[in-house]
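A quick write-up on the structure given underneath.
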Amino acid sequence: MKSQQHIIEALFGQSYQALVQADDHFFGNTRINDTPVRVLGTSQRAEIGADLALAMAGQVLDVIKNQPNTVILFLLDTQGQRLRRHDELMGLNGYMAHLAKTVELARQHGHIVLSVVYGEAVSGGYITTGMMADACYGLADAEISVMNLPAMSRITKIPLDRLTALSEQSPVFSPGVNNYFKMGHLQAVWSDHYPQALSNALTQLQAMTPAERARDLRIQTGAERGGRTAAQRVLDLVLGEGSERA
């Protein structure tokens with residue numbers, strides 16, 4: 001996995017301005033294709049607690065208020081939400097939801113939202129940023145998962161050996177950038193030429209209308225890539241049953 005400094009230098013070289021760094025996050029401004037970009041990053045496998053979620057949400061709101069037409073770029077290295085009693089008592093779920101809402105608000109105000117997983121992306125730390133973006137990409141040596149198999153076994157009561165067998169048959173049960181690409185969550189996996197890949201990703205998003213960027217095609221894309229073969233069918237059945245009852 002790439003370090004914070006490595007990915008910043010690889011993506012932006014000397015064009016990165018006013019980088020503000022803390023122990024587990026960083027932010028600043030740069031330009032891609034002459035387009036202003038606010039970078040919001042997590043680092044060192046950051047735990048997203050109430051404080052960090054609020055700080056990141058504040059950065060997004062600042063862009064909405066003071067930097068029109070600015071792209072928001074998340075660079076992600078997070079082990080997910082902080083599993084601490086203090087944060088749970090603070091209502092961490094509410095802070096995480098607030099962060100996700102600010103990302104959607106930015107989209108409604110015309111901001112392009114892009115995310116790149118360069119380190120680790122787990123659970124709520126990925127859902128509220130990477131999965132909320134208009135498009136998400138991952139580096140080839142990154143690690144992505146929503147829940148590891150032992151934890152999934154405890155929650156679902158499905159035996160671990162059964163889940164392990166299922167993980168060998170379906171990307172839905174398996175961590176890893178390639179599996180998330182197959183499921184449609186990642187637009188592409190980058191192994192080199194990062195500045196050009198980022199430039200191309202932004203150009204593609206800029207060529208789309210806001211309505212086109214807002215469309216969630218992950219189920220369809222996952223089906224086309226063979227990673228989510230049942231999701232659309234189940235969705236159609238649920239919607240069909242609901243319309244019949246109505």
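One-based numbering along the sequence shown. What you are looking at is a predicted structure, and each value in this text was computed from that prediction instead of being measured.
With hydrogens and angles ignored, the 3.5 Å screen pairs a side-chain donor or acceptor of Gln79 with a backbone N or O of Arg45. For Ser199 (side chain) and Pro195 (main-chain N/O), no donor-acceptor pair under 3.5 Å exists by modelled atom type. The main-chain N or O of Gly124 is found under 3.5 Å from a side-chain atom of Thr128 such that the two form a donor-acceptor pair. A donor-acceptor distance shorter than 3.5 angstrom exists from the side chain of Thr102 to the backbone of Leu99, with no hydrogens or angles considered. Side-chain atoms of His185 do not come within 3.5 Å of backbone N or O of Phe181 as any donor-acceptor pair. No donor-acceptor pair closer than 3.5 Å links the side chain of Thr229 to the backbone N or O of Gly226. The closest donor-acceptor contact from the side chain of Asp24 to the backbone of Ser43 lies at 3.5 Å or more, if one exists at all.
Interatomic distance, CG of Leu217 versus CD of Glu224, reported as 8.5 Å (0.5 Å rounding). For the atom pair OH (Tyr95) and CG (Asp51), the distance works out to 9.0 Å, reported to the nearest 0.5 Å. Atom CD of Gln232 and atom CG of Leu237 lie 10.0 Å apart (nearest 0.5 Å). A distance of 8.5 Å separates CD1 of Ile158 from CE of Met152, quoted to the nearest 0.5 Å. Here the CZ atom belonging to Arg215 is positioned 13.5 Å from the CG atom belonging to Asp134, to the nearest 0.5 angstrom. To the nearest 0.5 Å, the span separating CD on Gln187 from OG1 on Thr221 amounts to 6.5 Å.
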Starting from the C-alpha separation in whole Å, work towards a yes-or-no answer on side-chain hydrogen bond (donor to acceptor under 3.5 Å, both in side chains) for Gln196 and Asn200. CA-CA 6 Å; Gln196 188 60 54; Asn200 293 342; 2.8 Å; yes

Determine, step by step, whether Asn33 and Thr203 satisfy the side-chain hydrogen bond (donor to acceptor under 3.5 Å, both in side chains) criterion, reporting the C-alpha distance in whole Å, the side-chain angles of both residues, the deciding distance to 0.1 Å, and the verdict. CA-CA 8 Å; Asn33 304 340; Thr203 298; 3.2 Å; yes

Evaluate the criterion side chain to side chain contact (heavy atoms under 4.5 Å, CB included) for residue pair Val39 and Leu75; output intermediate values, then yes/no. CA-CA 7 Å; Val39 176; Leu75 296 178; 3.7 Å; yes

Yes or no on side chain to side chain contact (heavy atoms under 4.5 Å, CB included) for Gln108 and Leu105, after CA distance, side-chain angles and deciding distance? CA-CA 5 Å; Gln108 293 175 6; Leu105 183 64; 4.1 Å; yes

Given the rule in the side-chain hydrogen bond (donor to acceptor under 3.5 Å, both in side chains) test, do Glu120 and Thr78 qualify, once you have shown the distances and angles that lead to the verdict? CA-CA 5 Å; Glu120 186 174 17; Thr78 169; over 6 Å; no

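Note on Leu73: it clusters hydrophobically with Met208, by side-chain heavy-atom contacts below 4.5 Å among ILVMFWY residues. The same ILVMFWY cluster, assembled from side-chain heavy atoms under 4.5 Å apart, contains both Leu61 and Phe27.
A salt bridge is defined here as a Lys NZ or Arg NE, NH1 or NH2 lying under 4.0 Å from an Asp or Glu carboxylate O, and Arg85 with Glu88 fails to meet this definition. A salt bridge is defined here as a Lys NZ or Arg NE, NH1 or NH2 lying under 4.0 Å from an Asp or Glu carboxylate O, and Arg82 with Asp87 meets this definition.
The heavy-atom pair separating Cys136 from Gly130 by the smallest distance is CB-O, 3.6 Å. In this structure, Arg228 and Met183 approach most closely via the heavy-atom pair CD-O, 3.2 Å. Looking at every heavy atom in both residues, Thr42 comes nearest to Asp77 through OG1-N, 3.0 Å.
Between Tyr126 and Tyr180, the ring-plane angle classifies as perpendicular under the 30° and 60° cut-offs. Aromatic ring pairs are classed by plane angle as parallel below 30°, tilted from 30° to 60° and perpendicular above 60°; the pair Trp190 and Tyr194 is tilted.
Two residues are said to be in side-chain contact when any heavy atoms from C-beta on lie closer than 4.5 Å; Glu104 and Met132 meet this criterion. Put simply, the side chain of Leu114 reaches to within 4.5 Å of the side chain of Tyr137, judged on heavy atoms.
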